[in-house]
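Throughout, protein chains are lettered first and strands after them, A, B, ... in sequence-line order, and every chain is numbered starting at 1.
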Amino acid sequence: MAITAIKGFNDILPSEIEKWQHIEKTARDVFGCYGFSEIRVPIMEKTELFCRSIGDATDIVEKEMYTFTDKGDNRVTLRPEGTAGVMRAFIEHKLYAADPVSKLFYMGPMFRYERPQKGRYRQFHQIGAEVTGVSDPKVDAQTLTMLSHFFSELGLDEPSLEINSLGCPECRPAYREILKDFLRQKLDTLCEDCQRRLDTNPLRALDCKVEKCKVATADAPAMLEHLCTACDTHFTETRSYLDLVSTGYRINSRMVRGLDYYTRTTFEMITGLLGSQSAVAAGGRYDGLISDLGGPSVPGIGFAMGVERIALLLDNAKFQTSPALFIVALGEEAQKRAFCLSTELQRAGVSVEFDYEGKSMKSQMRRADKLSCGYTLIIGESELASGVAPLKEMKTGNQFVIALDSKTIAQELKS
RNA sequence: GUGGCCAUGGUGAAGCGGUUAACACUUACGACUGUGACUCGUACAUUCGAGGGUUCGAUCCCCUCUGGCCACCCCA
């Protein structure tokens, strides 16, 4: 039996790579317009970084991390998300000192030891963005607007934006207690999972898919109604700025995020097209994270998008490119000429294909068609003698003779 | 970690106890002696994920293993 890839680790094949590149390019272009710079950080970090940032009690840290002891006896972990590493670098290189506002984006693989299913893999890719240094709600609104902009730039109108506020260390603990009291009264009408989660993660019950939990929590107290004045103002202003630039959103007061560091604004881009994996992007504000990691007291907000999930929403075929020219050569001399000519054209920036094996004209033409080449150039003995050859436009079938000269051909193909 | 479904060629698949293992796509060559697409022809699985069992006989039934998909938990 041949060796296969590790479970949940996927190859991204040539047939889909152009779609991936398109997603990445769109992110670079759109984020660039909003003043973001790319940062590349390692895919492995000290385990402690993730414990501190994501939260020791979260599922990610408790059961999903790829953690090893290396040969120097250090505990290291393949990153399960991007924010922690980026913030570590931000603090380590004191980026806050050079500029009070920093806008960074990153892309790359993340690793979580979960059971794979549709839109969920053990190695998956995220594109994320982080703004640090500003707590003003204009940044929240701008970040969300950029996210929406990215999706519309990709031609995806379907994922819709949902927002919520999780409050801050001032108001969230109190709300948590209020919610717990509420849930305790309904305890026997909740599903087993929610009963178990009551103490560890009561917010989760608001998001439970089990019907009886939905019923039981229908009139549960909402975080949004228990925000402190500062958080309430922040949320209201965020909304007003979103309205000001017509960024569409829906308030979802039951939205829960899985990472401990989130404060105030949280959000998700949701689609109904991916089975149970409905979130294609998600994020929030994390005003306490940087200081928790030993940095200065600087606020932050960011999001991450799941590239595989976005890719599932996009059709491969739309992003495939094909060679501009196929050179059909008949006879050994013509093949030699085709090789030289194609090299000259390639050096001039034209994408060219030709046959390597001296196949029949028919198979060469078939291959040109299969590769969707824009043009074919046919070279045989008479063309070598005359110095001109027929150039055929495949789409229309029109053809005319052209000089066997790379400059002339390159010019013609570019026109 | 738990549950459900599934495993036949390069691909999508039919077959469900005895078949030349259908059909379609892909690929290769040809019909068209130097012009693709459409059409037509020819070729392409000694073998049905692996191992064991039942049977005169197993792709088909049973068991074990492995792999995949989807769902739960959780999450991008």
J.: Taking atom C1' in both B:G17 and B:C48, compute the distance separating them and give it to the nearest angstrom.
T.: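 Nearest-Å result for B:G17 against B:C48 at atom C1': 15 Å.
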J.: Say you pick atom P in B:C38 and the same atom in B:A24; how far apart are they, in whole Å?
T.: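 Per the computed distance, 15 Å lies between those P atoms.
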J.: Answer with base, sugar-phosphate or nothing: what part of the nucleic acid does A:A281 contact at a heavy-atom distance below 4.0 Å?
T.: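 Sugar-phosphate contact only.
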J.: So what does A:L259 hit on the nucleic acid, given a heavy-atom distance under 4.0 Å: a base, only sugar-phosphate, or nothing?
T.: sugar-phosphate
J.: What distance, rounded to whole Å, do you find between the two C1' atoms, one in B:U19 and one in B:A37?
T.: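 Nearest-Å result for B:U19 against B:A37 at atom C1': 37 Å.
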J.: Name the nucleic acid region contacted by A:K392, choosing base, sugar-phosphate or nothing; use a 4.0 angstrom heavy-atom cut-off, strictly under.
T.: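 Base contact.
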J.: Suppose we define a pair by two distances each less than 3.5 Å, Watson-Crick or G-U wobble; what does B:U55 pair with here?
T.: none
J.: Describe the nucleic acid contact of A:R112 in one word from base, sugar-phosphate, nothing, applying a heavy-atom distance below 4.0 Å.
T.: base
J.: Find the distance A:N316:CG to B:U11:P and express it as a whole number of Å.
T.: 17 Å
J.: Decide yes or no for A:E81 and A:L259: does some side-chain heavy atom of the first lie under 4.5 Å from some side-chain heavy atom of the second?
T.: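 A side-chain contact under 4.5 Å exists here.
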J.: Could you check whether the side chain of A:R366 and the base of B:G30 have a donor-acceptor pair of N or O atoms closer than 3.5 Å, going by distance alone?
T.: yes
J.: Taking any strand in view, what nucleotide pairs with B:C25 in a Watson-Crick or G-U wobble way, both distances under 3.5 Å?
T.: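 Pairing partner: B:G10.
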J.: So what does A:T58 hit on the nucleic acid, given a heavy-atom distance under 4.0 Å: a base, only sugar-phosphate, or nothing?
T.: nothing
J.: Taking the nucleotide of RNA chain B with the nearest heavy atom to each, does A:A5 or A:G119 sit closer to the 5' end?
T.: A:A5
J.: For a quick check of understanding: with a heavy-atom distance under 4.0 Å over all strands, which category does A:D369 fall into, base, sugar-phosphate or nothing?
T.: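 Touches a base.
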J.: When the C1' atoms of B:G3 and B:A21 are compared, how many Å lie between them, rounded to an integer?
T.: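 Approximately 34 Å lies between the C1' atom of B:A21 and that of B:G3.
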J.: Taking the nucleotide of RNA chain B with the closest heavy atom to each, which residue, A:E64 or A:S363, is nearer the 5' end?
T.: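 In this pair, the answer is A:S363.
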J.: In this structure, is the centre-to-centre distance between the rings of A:F105 and A:F36 below 6.0 Å?
T.: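 No.
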J.: Return the nucleotide paired to B:U64: Watson-Crick means purine N1 to pyrimidine N3 with N6-O4 or O6-N4, wobble means G-U with N1-O2 and O6-N3, both under 3.5 Å.
T.: B:A50
J.: Just call it for A:E393: base, sugar-phosphate, or nothing, with non-hydrogen atoms closer than 4.0 Å on any strand.
T.: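 If one applies the 4.0 Å heavy-atom cut-off, A:E393 turns out to touch nothing in the nucleic acid.
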J.: Determine which nucleotide pairs with B:G3, using a 3.5 Å limit on both distances of a Watson-Crick or G-U wobble pair.
T.: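 Its partner is B:C70 (Watson-Crick or G-U wobble, both distances under 3.5 Å).
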J.: Rounded to whole angstroms, how far apart are NE2 on A:H125 and P on B:C75?
T.: 22 Å
J.: May I ask which nucleotide in the shown strands pairs with B:A45, Watson-Crick or G-U wobble, both distances under 3.5 Å?
T.: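 Pair assignment: B:A45 / none.
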J.: In whole Å, what separates the P atom of B:G52 from that of B:U59?
T.: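 Here B:G52 and B:U59 have their P atoms 14 Å from each other.
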J.: For B:G1, does the base pair up with any side-chain atom of A:E62 as donor and acceptor (N or O, under 3.5 Å, distance only)?
T.: no
J.: Counting the atoms with a prime plus P, OP1 and OP2 as sugar-phosphate, which does A:K7 contact under 4.0 Å by heavy atoms, base, sugar-phosphate, or nothing?
T.: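 If one applies the 4.0 Å heavy-atom cut-off, A:K7 turns out to touch the sugar-phosphate alone, with no base involved.
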J.: Using 30° and 60° as the class limits, which term best fits the ring planes of A:F150 and A:F31: parallel, tilted or perpendicular?
T.: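 The arrangement is tilted - the two ring planes meet at 30° to 60°.
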J.: Say you pick atom C1' in B:A14 and the same atom in B:U66; how far apart are they, in whole Å?
T.: 26 Å
J.: Select base, sugar-phosphate, or nothing to describe what A:G283 touches, counting heavy atoms under 4.0 Å on all strands.
T.: nothing
J.: Report which part of the nucleic acid A:S360 touches: base, sugar-phosphate, or nothing (heavy-atom distance under 4.0 Å, all strands).
T.: sugar-phosphate
J.: Would you indicate what A:G397 reaches in the nucleic acid, counting non-hydrogen atoms under 4.0 angstrom: base, sugar-phosphate, or nothing?
T.: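 Contact class for A:G397: base.
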J.: Parallel, tilted or perpendicular, judged at 30° and 60°: which one describes the rings of A:H226 and A:Y175?
T.: tilted
J.: Which distance, rounded to the nearest 0.5 Å, do you find between the CG of A:L391 and the OH of A:Y375?
T.: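 Here the rounded value is 6.5 Å.
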J.: Which whole number of Å gives the distance between the P atom of B:U26 and that of B:C65?
T.: 41 Å
J.: Nearest to the side chain of A:Q117, heavy atoms from C-beta on, is which of B:G34, B:C29, B:C70?
T.: B:C70
J.: Indicate whether OP1 or OP2 belonging to B:U27 is found under 4.0 Å from a side-chain N or O atom of A:K370.
T.: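 Affirmative; the distance criterion is met.
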J.: B:C75 phosphate, OP1 or OP2: any side-chain N/O from A:R204 under 4.0 angstrom?
T.: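 Result: yes.
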J.: Using the C1' atoms only, state how far B:G4 lies from B:C73, rounded to an integer number of Å.
T.: 16 Å
J.: So what's B:C38 paired with, Watson-Crick or G-U wobble, going by both distances under 3.5 Å?
T.: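 Paired with B:C38, as far as the under-3.5 Å criterion goes, is no nucleotide at all.
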J.: Heavy atoms under 4.0 Å, any strand shown: does A:Q399 hit a base, just sugar-phosphate, or nothing?
T.: base
J.: Which whole-number value in Å describes the distance from A:L377 CG to B:G36 C1'?
T.: 15 Å
J.: Out of A:R115, A:R120, A:E114, which one pairs with A:Q117 under the side chain to side chain donor-acceptor pair (under 3.5 Å) rule?
T.: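 Answer to the side chain to side chain donor-acceptor pair (under 3.5 Å) test with A:Q117 among A:R115, A:R120, A:E114: A:R120.
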J.: Counting any heavy atom closer than 4.0 Å, what does A:K362 reach on the DNA or RNA strands: base, sugar-phosphate only, or nothing?
T.: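 The residue A:K362 makes base contact.
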J.: Reckon A:Y375 touches a base, only the sugar-phosphate, or nothing at all at heavy-atom distances under 4.0 Å?
T.: nothing
J.: Whom does B:C16 pair with, Watson-Crick or G-U wobble, provided both distances fall under 3.5 Å?
T.: none
J.: I need the CD1-C1' distance between A:I402 and B:U35, as an integer number of Å.
T.: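 Distance check: A:I402 CD1 to B:U35 C1' gives 17 Å.
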J.: Look through every strand shown and name the nucleotide pairing with B:U33 as Watson-Crick or G-U wobble, where both distances are under 3.5 Å.
T.: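 Because no pair has both required distances under 3.5 Å, B:U33 counts as unpaired.
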J.: Salt-bridge test for A:R347 and A:E344: reply yes if a basic N is under 4.0 Å from a carboxylate O, no otherwise.
T.: no
J.: Examine distances only and state if a side-chain atom of A:D315 and a backbone atom of A:K318 form a donor-acceptor pair shorter than 3.5 Å.
T.: no
J.: Just how far, in rounded Å, is C1' of B:U27 from CG of A:D355?
T.: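 Rounding to the nearest Å, CG of A:D355 and C1' of B:U27 are 15 Å apart.
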J.: Atom CZ of A:R257 and atom C1' of B:C75: how far apart are they, to the nearest Å?
T.: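 Interatomic distance, CZ of A:R257 to C1' of B:C75: 8 Å.
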J.: From OH of A:Y113 over to C1' of B:A76, roughly how many Å is that when rounded to an integer?
T.: 20 Å
J.: Would you mind reading off the distance between A:R115 atom CZ and B:G67 atom P, rounded to a whole angstrom?
T.: 10 Å
J.: Any heavy-atom pair between the side chains of A:Y249 and A:R239 that's under 4.5 Å?
T.: yes
